[in-house]
Structure formats: C-alpha cells, structure tokens
Amino acid sequence: MIYVTFPDGAQRQFAPGTTGLDVAKSISPSLAKRTVAMALDGVLTDLADPITRDAKIDFVNREDPRALELIRHDCAHVLAEAVQALYPGTQVTIGPVIDNGFYYDFFRAEPFTPEDFAAIEKKMREIIAKDQAFVREVWTRDQAIAHFEKAGEAFKVELVQTIPADQDLKIYKQGDWLDLCRGPHMTSTGKIGSAFKLMKVAGAYWRGDSTKPMLSRIYATAFAKQDELDAYLKQLEEAERRDHRRLAREMDLFHFQEEGPGTVFWHAKGWTLFQTLISYMRRRQQQAGYIEVNTPQVLDRALWETSGHWQTYRENMFITQTEDERVFALKPMNCPGHVQIFKNGLKSYRDLPLKIAEFGTVHRYEPSGALHGIMRVRAFTQDDAHIFCTEEQIMDEAMKINDLIMSIYEDFGFTDIVLKLSTRPEKRVGSDDVWDKAEAALMRVLEKVAEGGVRTGVNPGEGAFYGPKLEYTLRDAIGREWQCGTTQVDFNLPTRFGAFYIAPDSEKTVPVMIHRAMFGSLERFTGILIEHHAGHFPLWLSPQQITICTITQEADEYAMEIIAEARKRGLRIEADLRNEKINYKVREHSLAKIPVLLCIGRKEAADKSVSIRRLGSQAQTSMSLDEALTALAAEAVAPDLKLN
RNA sequence: GCCGAUUUAGCUCAGCUGGUAGAGCACCUCAUUCGUAAUGAGGGGGUCGGGGGUUCGAAUCCCUCAAUCGGCACCA
C-alpha cells in the first residue's frame, strides 16, 4: 500500500497504481469533477497518472494559479488541431507556453494572416465544446517516427530523433488528434474554457536558427476567466499608450526619417532630457573618481584589426574610405580609444585603478529588422567607462560599480533590479585560471548583492569572448524588463594593444580592463524613462517644467516677469500668451504633459500671485509668485543634488 | 538579414470590383479678451513612400527599391 498525504496533513492508504482521479473520487465526486490536474510532491502531473509511491497530493482546479500554464498548453494543442483541420497539409512543430500566453509554430507554404483568426478561433471553440479527454500514451521512438513519417510531419520526426534513445516518448491524444508532448495536461479540452484569443502572426526560424526554414507562428493567450483576459488586453493598450515613439511625437521630443534609418533627430525638448541625463551622470561619475575624456569618431581600420573588431564585426561597422584610399571606420565601441589614452605616457601601479569615462557616440550597422524607435538604433551614445586596474582590484571595483548603478537606478525610480552573471562561453580567449579569477570576483559581487536582497541569477556560457559580465536588468512601471547596465571584465584588449603599467617590482604588467556602462545607451534609457513615466516626468527630468497660461492680455507683462524670475532660478519655463480661452490652453498643455501650469489673469497680475495646476490633477492652488517658484525650484533639483 | 503587414495633408484615418482625392484635428486669417481639458466664421494645404510596368485611363493591378510596424535571428 502507499500513503497519500493531503494538504491538510491527513493521510490515507491506497493501492499502488491508484490514479489521482480515483483518489479525488474517493473524497467526493464534485472534487473529482472540478479537479483538472494534481501536484504530486509539488510537481504538476496528469490527474490520470497512477500514483506509485508515498506522496503528498494537492488537487488543482482550473482557477488555481498553477493551472494557468496547463490551460495555455492545452489551448496550444487545440490551436494546432484546429489549424490542421482547417488547413490540411500544415505541419505542426512546437507550441510552448510563454509569458502572457503561448504560441504554436506551423510549417505551411502560405503563411497565416490575422484574417484567418476568426475561423481558427471558431474551430477551437468547437473542439473545446466537444470536451474530449486528453489521453496520454507512451510510444517507442520507432513507433513515433513511423507515425509522424506517415503523417508527413517531418519536423516532428526531427524532434523525436533528437530525444535521447532511452527516454519515453509521450503522446497526448484529444479525440483523433495527437501530438508529441512532455505534458502534463488537464483532464479534457473542455477545461480550457473560452477566455482565449489569437493575438498575432509572425515568422520564426525552426529551432531558432536563421539557417533553418522559416515557420509561421501564431501567438495567442488564454486565461482561466474572461475578466483576466480583458485585464490583460487592457494592459496591452496601456503599453501602447506609453509607447515612446508615440509619446515622442505628442511631446515633440525627436523624430526619425527615411534618410537616416536608425538615427535620431533630437528636437529641443528631447535633447534637453538627454542632456539632463548626461549632466546627472557626469556629476555621479566625477564624484566616484572617474575622469572624462573624448576620443575620435573615425579611426583607421588598423586599430580595429588590432582590437579584433574588424574580424568579428566588419559587416556591422560603418566604413569610410578617403581620397587617399585609406580605410577608416566609425567607432562601434569606445574601448580601443580609451586604451590609447591609457597607453599615452607611462603608467604606474600608483595610477590604478584609472577610471576613464566618455559619453561616447558609437555607430553600429544593426540589421534592419532590429531597429526599434530609440530603443535600438544605429548611432547611440553610451555612458561608457573603462577601469584599468590590477587583478586584485577587480572585486572591489566591480562592487563600487554595483553600488553606483543601484544608487543611480534608485534616483530614477527603478528599485526592482535583477542582476545576472554571464560566465565563460565556449568560444573565448584567455587561460582558464584567469577566467577562474574573473568569474570568482564577479560571483562574490553577485553573492554580496544577493545578500542585500537583490534578485540574482547566472547565465552560464553567456559571457563575452574576452571575459565574464554582470548584467543589470530593471523593471519598469508596467512590469517590463530592460537590460541596461553591464560590468565586463576583460583580460584580452589590454594585451592586444600592448598596454602596461609599471608594477611595484618595476616589471611591465598588463592591466585588467573593466568595461562598464550604467545607462547603457542614453537613447535606450531615455526611451525606457519615457515609457516608465508614460511621459509624466518628474520635475527634474521634464524638458519643459512650466507653462504660463495667461487668461487675458492684461497678464502678458506679468508673464514675462515670471519667466525672467523663474529662469533665474534655473527653471525651464515658457509662456502661452495666445489669444485663446484658458480651457483651451489648459487642455493643450496638459496633453503636451507639461507638469506645472501657472494660470494668471487680472487678479494674479495685481497681487503677484499664481494659480498652480499640476499635471494629472484638476486642483488649483493659489500662492505668491515667490513662494511658488521657491517650491518648484526646490522640487526640480536633481536627486543627487538634494541635501537630505 | 528572414517571414508577414503597412506607407494617402503636419497628425489620425476614409477612398467599393481601375474613371482622375476626402474627413476630423492641426495650420493661416478675421472676430472674440474669456478664470482651469476643444469659442465661432472663413481660408490654404496632397508628385497618394520612390522608380518602373500594364492600361484609353492607376491612390487602386503587376514588378522593384526604401522606410515603418509585429515577430524571428542579431545585439561587441
């Protein structure tokens, strides 16, 4: 006999091989009816699975958060059946659950279009209505290969062939349709419910490999309940409203045009924001002991051959050839430039760590399909720095960078950070003991940071070819994650360029180079800020902080006085003196997301006061001009300059 | 780069199976000087993404290039 333990701690005996369903039935028919799966010792399992050992059992109904994955996975199977029913000859491949939904990749000569969705969804509802049981079978490899070959499912055959020979092949059937699948599934298709929706079609490479065939992917989502689906769709709309490309137009921040794909035309307001970020970062870096430099935009090909970039990234570089046939490249990175500055003049161990920073604009010929607003561009500015130090200093410097990055993100309102360590890739340079040291140093940083309550993780084999790296990912106001900061340890480049310092023993010694960026790309970080705040910037970041809205022309002169006084205090302010109604002006400047509106009419002009209206509120506050400007100027101080 | 979609006025979009371009907002002019999210009237504005082709005739059909969007791949 086996012992089954229930969530309340009660134990009961069953014959070995009793299924979860039998156990549920033994408790009550209604429990059996509403249970869609079980968790055995915490592992989600088919309810029809026999229980063969002592285990804790937990019945999962479809409202259980753990069931969501099953609903989506089951729905993927139903999607595949529906597609094969409607479009004979379509081959199935894989259909996994992903964040917020699932997809299924099909192979078909003619790709799907969103116009097909209505028919597919209808067919899916029919399949769900039939409420066929999911039945699991275990097949041999040969049996599976024979079946899928006969069915013309070449991709499935390939999948079966990649599964280790000693492993069972699980087949899940729903009525006549079946799929190779790891499971688990719910008891029947009817449990999926009706809160699902096909979202979009896309192309995707078979096995994620660009040398393999392009498949037709259908993205979809499913939830336990309709209101959850509705909430999700609403969230997507919200994300669209925050889209930085749309807000940039509405707020007059920047634009793109055809002649410069992937390169930004910064308008005055966007550039003000950009410069505010640079000023902020410059202060933080100076305080942290960095020196700031500037290196050439265009450098001889020979330099890039020495650095190794020419060999690896030639096709992604902007190249230019001059009249004398000399080949130059626009810099795709700042590192080689910084090494030149390090090498210029003899360096001593006493100079280390030497922290060289640059707001370096780099050009990279990114694949056309990669471009995305200002998030992914072909010309961008990095808050780049390289720390030349000894091996012994790596840990300490990486920790200092970490503290600086965390403090900076906090100033921008990002407190949910994930830190990941990427370790040595297969293709790499440098000896293993050097890698050991570098990884150990970064791992200690990771552990220390984890102790402080930050989420951490490891990406094995994801490091750069020259060294391991730490990657900082932040989560924005609507939960999306963005990778920004990075710390990379490099033993390679200083050697390639023959950089050295004089060690205490008078020997020439190659320094370690730590690459480090905190915003990452200024363009990208700006985009993240736009979306994070949905354009409602805090005062210190807002490109235009105040608009004065006059109610009558009698206040024009006073408006000019306010402007002069506010600008003296460093506030970014404009006046709207147009002959328009106050309603019109309030609406227009609210839509432009100006954080502070100062409305002035005859009354305010007479007693030198202002009526303040803040973005997002309809409340009006009246106070004296001096009082108002003092408060606003105090609020507009950058977080690093605030005294408290 | 690959798959798919899209490209019409500054913006958002309409324009059926080919018959010679339209709306709202914005802009300009005039009137209105008004108290916290759209005052009224009038007016101007488009090589229909570029190039080529089919046709008596192309925004509309075909080819091609480009950009953009959604994914995939890429991201030093």
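Remember, predicted model here, so these are calculated numbers, not experimental data. All values below come from the heavy atoms of this structure, side chains included, with hydrogens, waters and symmetry mates left out. In what follows, every chain begins at residue 1, and chains take the letters A, B, ... in the order their sequences are listed.
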Enquirer: Select one nucleotide: of B/U68, B/U36, B/G71, the one nearest the side-chain heavy atoms of A/Tyr219.
Expert: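 Shortest atom-to-atom distance from the side chain points to B/G71.
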Enquirer: Tell me what A/Thr552 touches on the nucleic acid: a base, only sugar-phosphate, or nothing, going by heavy atoms under 4.0 Å.
Expert: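 Counting heavy atoms under 4.0 Å across all strands, the contact made by A/Thr552 includes a base.
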Enquirer: Is there a side-chain contact between A/His589 and the phosphate of B/U36, meaning an N or O under 4.0 Å from OP1 or OP2?
Expert: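 No, outside the criterion.
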Enquirer: Is A/Tyr584 near enough to B/G40 that one of its side-chain N or O atoms lies under 4.0 angstrom from OP1 or OP2?
Expert: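 For A/Tyr584, the contact criterion (side-chain N or O under 4.0 Å from OP1 or OP2 of B/G40) is not met.
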Enquirer: Sort by first number and list every stem of RNA chain B: at least 3 consecutive Watson-Crick or G-U wobble pairs, both distances under 3.5 Å.
Expert: B:1-7 with B:66-72, B:10-13 with B:22-25, B:27-31 with B:39-43, B:49-53 with B:61-65
Enquirer: For A/Tyr205 and for A/His372, locate the closest nucleotide of RNA chain B by heavy-atom distance; then report the residue assigned to the nucleotide nearer the 5' terminus.
Expert: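 Per heavy-atom nearest nucleotide, the more 5' residue is A/Tyr205.
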Enquirer: Are the side chains of A/Ile417 and A/Arg475 in touch, meaning some heavy atoms are under 4.5 Å apart?
Expert: no
Enquirer: From the set B/U36, B/C69, B/C3, return the single nucleotide nearest to any side-chain atom of A/Asn583.
Expert: B/U36
Enquirer: Might you work through the side-chain hydrogen bond (donor to acceptor under 3.5 Å, both in side chains) test for A/Gln84 and A/Glu153, ending with a clear yes or no?
Expert: CA-CA 11 Å; A/Gln84 289 202 311; A/Glu153 299 280 8; 2.7 Å; yes
Enquirer: Could you run down nucleotides 44-52 of chain B 5' to 3' and tag each one B, S or - for protein heavy-atom contact under 4.0 Å?
Expert: ---------
Enquirer: For the side chain of A/Met214, counting heavy atoms from C-beta on, which of B/C75, B/A37, B/C2 is nearest?
Expert: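 Selected nucleotide: B/C2.
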Enquirer: Name the closest nucleotide to the A/Lys581 side chain, picking from B/G70, B/C34, B/G1.
Expert: B/C34
Enquirer: Could you please name the option among B/G1, B/A37, B/A76 that lies closest to any side-chain atom of A/Met333?
Expert: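 Nearest nucleotide to the side chain: B/A76.
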Enquirer: A/Ser611 side chain: which of B/U36, B/G70, B/A37 is closest?
Expert: B/U36
Enquirer: Does A/Lys603 reach a base, just sugar-phosphate, or nothing at all? Heavy atoms under 4.0 Å.
Expert: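 A/Lys603: base contact, heavy atoms under 4.0 Å.
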Enquirer: Hey, is CZ on A/Arg578 packed in by over 12 heavy atoms from elsewhere, all under 6.0 Å?
Expert: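 For A/Arg578, atom CZ is crowded (more than 12 foreign heavy atoms under 6.0 Å).
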Enquirer: What's the closest nucleotide to the A/Glu604 side chain, out of B/A76, B/C72, B/G35?
Expert: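 Of all the options, the side chain of A/Glu604 is nearest to B/G35.
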Enquirer: Per the atom types in the model, does the base of B/C72 pair as donor or acceptor with the side chain of A/Arg207 at under 3.5 Å?
Expert: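 Absent.
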Enquirer: Rounding to a whole Å, what distance do you find between A/Glu580:CD and B/C30:P?
Expert: 13 Å
Enquirer: Applying a 4.0 Å non-hydrogen cut-off, can you work out what A/Ala370 is touching in the nucleic acid: base, sugar-phosphate, or nothing?
Expert: base
Enquirer: Would you say a side-chain N or O of A/Arg602 is under 4.0 Å from OP1 or OP2 of B/U33?
Expert: no
Enquirer: Nearest to the side chain of A/Cys599, which nucleotide is it out of B/U36, B/A76, B/U33?
Expert: B/U36
Enquirer: Please classify the nucleic acid contact of A/Pro261 as base, sugar-phosphate, or nothing, using heavy-atom distances under 4.0 Å.
Expert: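 It contacts sugar-phosphate atoms only.
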Enquirer: Under 5.5 Å centre to centre and under 30° between planes: does that hold for A/Phe465 and the six-membered base ring of B/A76?
Expert: no
Enquirer: Roughly, in whole Å, what's the span from CD1 in A/Ile218 to P in B/G71?
Expert: 16 Å
Enquirer: Closer than 4.0 angstrom, basic N to acidic O: yes or no for A/Arg217 and A/Asp105?
Expert: yes
Enquirer: So if I take every side-chain heavy atom of A/Lys200 and compare against B/C72, B/G70, B/A37, which nucleotide ends up nearest?
Expert: B/G70
Enquirer: With a 4.0 Å cut-off on heavy atoms, is A/Arg217 in touch with a base, just the backbone sugar-phosphate, or nothing at all?
Expert: sugar-phosphate
Enquirer: For B/A73, take OP1 and OP2 only and decide whether either is under 4.0 Å from a side-chain N or O of A/Arg376.
Expert: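 No, no such contact exists.
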Enquirer: Under 4.0 Å between a Lys/Arg side-chain N and an Asp/Glu carboxylate O for A/Glu397 and A/Arg516?
Expert: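 No, no charged N to carboxylate O under 4.0 Å.
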Enquirer: Would you say that A/Leu215 contacts A/Tyr205 through its side chain, given a criterion of any heavy-atom pair below 4.5 Å between the two side chains?
Expert: no
Enquirer: Once salt bridge (charged side-chain N to carboxylate O under 4.0 Å, His left out) is applied, do any residues pair with A/Lys212, and if so which ones, sequence neighbours excluded?
Expert: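 In terms of salt bridge (charged side-chain N to carboxylate O under 4.0 Å, His left out), with neighbours along the sequence ignored, A/Lys212 is linked to A/Asp209.
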Enquirer: Using the C1' atom as the reference point in each nucleotide, state the distance between B/U20 and B/G46 in Å, no decimals.
Expert: 14 Å
